Number of protein chains: 2
Amino acid sequence: MRYTIGEVAKKFNLNISTLRYYDKEGLIPNLEKNESGNRIFDEEAISGLITIECLKKSGMSIKDIKTFIDWCQEGNETLKDRLEMFLARREALQSQIKELESTLNYIDYKVEYYTKAVADGTEKIVKEQMSNPRLLKMQ
Amino acid sequence: MRYTIGEVAKKFNLNISTLRYYDKEGLIPNLEKNESGNRIFDEEAISGLITIECLKKSGMSIKDIKTFIDWCQEGNETLKDRLEMFLARREALQSQIKELESTLNYIDYKVEYYTKAVADGTEKIVKEQMSNPRLLKMQ
DNA sequence: CCTAAATCTAAAGTTAGGTCTATGTCTATG
DNA sequence: CATAGACATAGACCTAACTTTAGATTTAGG
């Protein structure tokens with residue numbers, strides 16, 4: 001299948017200018033254009049965008065994604081670099097998830113705290129009762 | 001305990017100017033100053049900063065954190081707002097974690113892919129073999 | 001065929017969240 | 001008691017990742 005920029009924008013829930021910006025930054029190599037200059041996204045471009053979205057979600061910068069895309073163009077010589085990059089991304093993601101889980105734990109405590117405060121109609125009581133061990137552990 | 005801005009910056013691994021910026025933005029209400037104007041962070045300021053860091057990690061903007069801090073100053077009238085905010089934060093965090101886990105799943109696939117590619121010395125073989133079901137599911 | 005909607009480029013503008021600079025005062029130590 | 005290091009303010013600057021604008025061209029449907 002082949003898509004216009006508008007179709008792709010809708011598909012990925014991205015702004016059209018974001019796609020043009022990615023193209024300008026070199027994230028979509030070999031992007032076809034028709035005779036009058038309109039971009040045509042083929043399966044390869046789409047699958048590239050899926051990877052870009054994934055790397056973005058993993059916290060990578062556009063610049064670093066560009067480096068990866070360049071490696072892909074360079075062929076088998078860069079396979080090891082690419083593997084190492086994904087291994088590093090995996091580590092990064094795993095610790096991000098751990099951090100979010102610990103943040104969630106603190107939020108859970110706050111939910112408990114304010115649930116009680118709302119029930120009491122005042123913060124005073126819960127403030128005295130919950131000099132919380134979990135909170136102390138976090139510091 | 002009472003701390004100088006430098007000590008707090010070290011404790012939280014924040015830039016000194018970031019703390020001044022937070023102060024300017026109103027995130028640290030009732031911050032004491034000594035006679036010559038130097039900031040003094042007491043237990044309350046520190047515990048506020050812990051909450052700020054937590055809310056930041058949960059993806060909240062400085063502006064929204066400010067709204068919360070203001071609610072805290074306003075007293076018991078805003079308890080319900082605060083509870084609702086933390087409930088919303090919890091939801092947000094839970095879906096962030098889910099999204100990161102799904103991203104991790106895709107990265108895992110890429111690791112597998114490139115591990116095989118590196119072993120083969122070429123991408124060609126793995127590219128043909130792994131027209132991956134997991135990948136297809138993601139799209 | 002006509003016109004609204006989609007696309008193009010280049011370049012300027014925006015936003016969040018800091019970070020840095022210049023200039024001056026304060027403080028702690030040998 | 002000198003002086004290096006910490007702190008202060010105001011305001012300029014920075015970066016990433018878009019987003020908007022202006023002005024021109026193309027495409028698609030009635």
Side-chain angles (χ1 to χ4, degrees), chain A residues 1-28 30-42 45-46 48-49 51-70 89 92 96 99 103, chain B residues 1-28 30-42 45-46 48-49 51-70 89 92 96 99 103:
Chain A
M1 276 291 283
R2 300 150 69 74
Y3 306 90
T4 66
I5 197 169
E7 289 164 345
V8 176
K10 202 161 283 173
K11 203 181 175 77
F12 283 89
N13 198 27
L14 290 172
N15 198 304
I16 286 180
S17 17
T18 304
L19 287 169
R20 291 204 266 251
Y21 163 69
Y22 288 172
D23 185 20
K24 199 181 58 174
E25 294 300 309
L27 300 192
I28 320 172
N30 316 317
L31 184 58
E32 212 181 316
K33 293 197 177 185
N34 68 13
E35 62 292 340
S36 54
N38 291 20
R39 291 171 181 82
I40 297 162
F41 292 74
D42 59 11
I46 298 294
L49 280 173
T51 301
I52 288 169
E53 284 304 281
C54 163
L55 294 177
K56 266 170 62 184
K57 284 177 192 159
S58 87
M60 246 173 116
S61 71
I62 297 295
K63 205 183 140 214
D64 287 350
I65 295 175
K66 166 77 162 95
T67 301
F68 168 71
I69 299 288
D70 288 346
R89 278 299 92 199
Q96 275 175 67
E99 176 141 58
T103 303
Chain B
M1 276 290 285
R2 300 150 69 74
Y3 306 89
T4 66
I5 197 169
E7 289 164 346
V8 176
K10 202 162 282 173
K11 203 181 175 77
F12 283 88
N13 198 27
L14 290 172
N15 197 306
I16 286 181
S17 12
T18 302
L19 286 169
R20 291 204 266 249
Y21 165 67
Y22 287 172
D23 186 19
K24 199 180 58 174
E25 294 299 308
L27 301 192
I28 320 172
N30 316 317
L31 184 58
E32 211 181 316
K33 294 198 178 187
N34 68 13
E35 62 292 340
S36 53
N38 291 20
R39 292 171 180 81
I40 296 163
F41 292 75
D42 59 12
I46 298 294
L49 281 174
T51 300
I52 289 169
E53 284 303 282
C54 164
L55 294 177
K56 267 170 62 185
K57 283 178 194 159
S58 88
M60 245 172 117
S61 71
I62 296 296
K63 204 183 141 213
D64 287 349
I65 295 175
K66 167 77 163 95
T67 300
F68 168 72
I69 299 289
D70 288 348
R89 277 299 93 200
Q96 275 176 68
E99 174 141 59
T103 303

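Note that this is a predicted model, so its numbers are computed, not measured. Side chains are part of it too, since the values below use all heavy atoms of this structure and drop only hydrogens, waters and symmetry mates.
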Next item on the list: Using side-chain hydrogen bond (donor to acceptor under 3.5 Å, both in side chains) as the criterion, list what pairs up with Asp64(A), not counting sequence neighbours.
Entry: none
Checklist line | Near-strand residues of residues 15-28 of chain B, defined as heavy-atom separation under 4.0 angstrom from DNA chain D | finding: Ile16(B), Arg20(B)
Note to self: Using a 4.0 Å cut-off on heavy atoms, which residues in residues 56-63 of chain B reach DNA chain D? List them by number, or say none.
What the structure shows: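 Within this stretch, nothing sits under 4.0 Å of the strand.
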side-chain contact (heavy atoms from CB on, under 4.5 Å) partners for [X], two or more places apart:
{"X": "Thr67(A)", "value": "Trp71(A)"}
{"X": "Ser17(B)", "value": "Asn15(B)"}
{"X": "Asn30(A)", "value": "Glu44(A), Gln73(A)"}

Note to self: With salt bridge (Lys or Arg N to Asp or Glu O under 4.0 Å) as the rule and sequence neighbours excluded, what pairs involving residues 6-21 of chain B come up?
What the structure shows: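 Listed once each, the pairs would be none.
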Item checked: nucleotides 22-30 of chain D: protein proximity per nucleotide (B base, S sugar-phosphate only, - neither; heavy atom, under 4.0 Å) -> ----SS---
Check: What residues form a salt bridge (charged side-chain N to carboxylate O under 4.0 Å, His left out) with Asp42(B), not counting sequence neighbours?
Finding: none
Note to self: For Arg2(B), give me all partners under salt bridge (charged side-chain N to carboxylate O under 4.0 Å, His left out), at least two apart in sequence or on another chain.
What the structure shows: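 With sequence neighbours excluded, Arg2(B) shows a salt bridge (charged side-chain N to carboxylate O under 4.0 Å, His left out) to Glu32(B), given in chain and number order.
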Next item on the list: Could you list the residues that satisfy ring pair (Phe, Tyr, Trp, His ring centres under 6.0 Å) with Tyr3(A), not counting sequence neighbours?
Entry: none
Notebook entry, point to check: Taking a pair as Watson-Crick or G-U wobble with both distances under 3.5 Å, which nucleotide is matched to dG30(C)?
Noted result: dC1(D)
Note to self: Using a 4.0 Å cut-off to any heavy atom of chain B, which nucleotides of DNA chain C are the first and last in contact, reading 5' to 3'?
What the structure shows: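 Footprint of chain B along DNA chain C, 5' to 3': dG17(C) to dT27(C).
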